[in-house]
Amino acid sequence: MKIKKIVLHKVEIPIVTSFTTSFGTLTNKPTVIVKIETYDGIIGYGEAAAMPFPFYSPDTIDICMLALRDYIAPLVLHKDFPDVQSLMDSLKIIKKHTFAKAGLETAVWMALSIQQDTALKVLLGGTQNKVAVGARIGIKKTIEEILDEIAVKLEEGFQRIKIKIKPGWDITVVEAIRRKFGSILLMVDANSAYTLEDVKLFKALDQYSLTMIEQPLADDDIVDHSVLQKEITTPICLDESILSADDARRAIYLHACKVINIKPGRVGGLLESKKIHDVCQKHAVDVWCGGMFETGIGRAFNIAISSLPNYVYPGDISPINLFYVDDLVKDSFTVDHYGYVKVPEEPGLGFDVDEKKIERYTVEKVTIG
Ligand code: OSB
Ligand code: MG
């Protein structure tokens, strides 16, 4: 694979509703679409779906644009790489910047899939034909509001409910959900809003049989997570803390979690996702696919990687037309009434990229090479 040209699109599609987590409210969600052209004329699209602000991770959309333009593109353009591993090895000198790296890496996977005329699922070692999908629900103004939204999501077939929590919006909400909906698959995501001082609260949450608690403590603190996991029975799932397979290995070694949420963007791409999947599988730690409100382009990679055998919990891969007013692929996927999405069997994304839409929503464009 030899890349001739890289085009970066900072894209802004208006969103349907805002989304509130413990770190703030998202009122617009730009993304970066990376288009590559290889010397043999193949086009690949990837996505760097960071947040617009550094409240989830240090990466932001503008930082991704800069990292891709000034550091990542110059290291890969016009060089021949025999495989994705060697291409990613050439980027090792750049510390972290995982979202930006994933933007390029996913574009390379798409091009490779077309070049080899083989579905992404097959290239990645996927075994499942369909993957389970969960619904994620932000923090609301009232408990009634969240109960109403959950009722709709369950009716639509979503296989589990994930709610966002923060101090003051946690145990009473969980209590109300359990009372109304009984033993549904229910989990909570704190996005690092708590500390070890809150052990009592987490012990109290144990009685609600949550499927897991996602990222209760600081993003850079697997030690405290390991202390907390010893105190509670609810499985801890790490999101923000895990940026690589090495991070996963260390977290497992310290018993800091029982589940890992793998987001291809957060960990630098699909190859690293696969490595995390493999480490977890070896140690009987279950994984599932998280999301960053990717457009249909990024979601296609998330679906492909979710077909690997150790992705056992429903993923945050709900159709993105529930979030954006428009999409960058034509005829994106749907979730069936049982809460499954089909894994594409065709080479490439499995969905047609709508280049006109990319141009229409582009607010900044950079061509390199
Ligand atoms: O913590 O999982 C998270 C979105 C932005 C930042 C962090 C998170 C999320 C989500 C989105 O939960 C899930 C999705 O893409 O549907
Ligand atoms: Mg999370």
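Atoms within each ligand, like the ligands themselves, are counted from 1 in listed order.
- Remark: K29 is not positioned above the aromatic ring of F293, lacking an NZ or CZ atom under 6.0 angstrom from the ring centre and at most 45 degrees off the axis.
- Aromatic ring centroids of Y340 and Y338 lie 6.0 Å or more apart.
- Shown in contact with K162 at under 4.0 Å from a heavy atom are these atoms of ligand 1, numbered in order with element: 2 (O), 3 (C), 12 (O).
- Of the heavy atoms in L26, none comes closer than 4.0 Å to ligand 1.
- M110 is listed as a side-chain neighbour of F301, based on a closest heavy-atom distance under 4.5 Å.
- Only the side chain of Y56 comes within 4.0 Å of ligand 1, counting heavy atoms alone; its backbone N, CA, C and O stay farther away.
- Residue contact check: E214 has heavy atoms under 4.0 Å from atoms 2 (O) of ligand 1.
- Closest approach between the Mg ion (ligand 2) and any N/O/S atom of D189 involves OD2.
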Legend entry - side-chain contact (heavy atoms from CB on, under 4.5 Å) between Y71 and L66, worked out: CA-CA 8 Å; Y71 301 106; L66 181 136; 4.1 Å; yes
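- Relative to the ring axis of Y45, K35 does not place its NZ or CZ within 45° and under 6.0 Å from the centre.
- Tested against N191 for a side chain to side chain donor-acceptor pair (under 3.5 Å), the candidates E214, K164, K166 yield a single pass: K164.
- Taking each of M51, K263, M292 in turn, the one with a heavy atom nearest to atom 3 (C) of ligand 1 proves to be K263.
- Contact between E240 and ligand 1 is absent, with no heavy atom of the residue lying under 4.0 Å from the ligand.
- Contacts with ligand 1 closer than 4.0 Å are made by no heavy atom of Q215, backbone or side chain.
- Atom 16 (O) of ligand 1 has R136 NE, 2.6 Å as its closest protein atom, hydrogens excluded (heavy atom only).
- For ligand 1 and D189, the ligand atoms under 4.0 Å from any heavy atom of the residue are 1 (O), 2 (O), 3 (C).
- Put simply, part of R299 is less than 4.0 Å from ligand 1, judged by heavy atoms.
- In this structure, D336 contributes its side chain and G339 its backbone to a donor-acceptor pair below 3.5 Å.
- Between Y194 and L217 there is a side-chain heavy-atom pair separated by less than 4.5 Å.
- Annotation: atom 10 (C) of ligand 1 to nearest protein heavy atom, G291 O, 3.7 Å.
- No other N/O/S atom of E214 lies as close to the Mg ion (ligand 2) as OE2 does.
- Nearest N/O/S atom of D239 relative to the Mg ion (ligand 2): this is OD2.
- Exactly one of K141, K140, R136 qualifies for a salt bridge (Lys or Arg N to Asp or Glu O under 4.0 Å) with E149. That residue is K140.
- Under the side-chain contact (heavy atoms from CB on, under 4.5 Å) rule, I177 has a single partner from I143, I163, V188, which is I163.
- When the heavy-atom distances from atom 1 (O) of ligand 1 to N191, D316, N302 are ranked, the shortest goes to N191.
- Closest to atom 4 (C) of ligand 1 among all protein heavy atoms lies F293 CE1, 3.4 Å.
- With a heavy-atom cut-off of 4.0 Å, T21 does not touch ligand 1 at all.
- For an aromatic pair to be called close, the ring centres must be under 6.0 Å apart, and H277 with Y311 satisfies this.
- Residue D239 has at least one nitrogen or oxygen atom sitting less than 3.5 Å from a nitrogen or oxygen atom of ligand 1, judged on distance alone.
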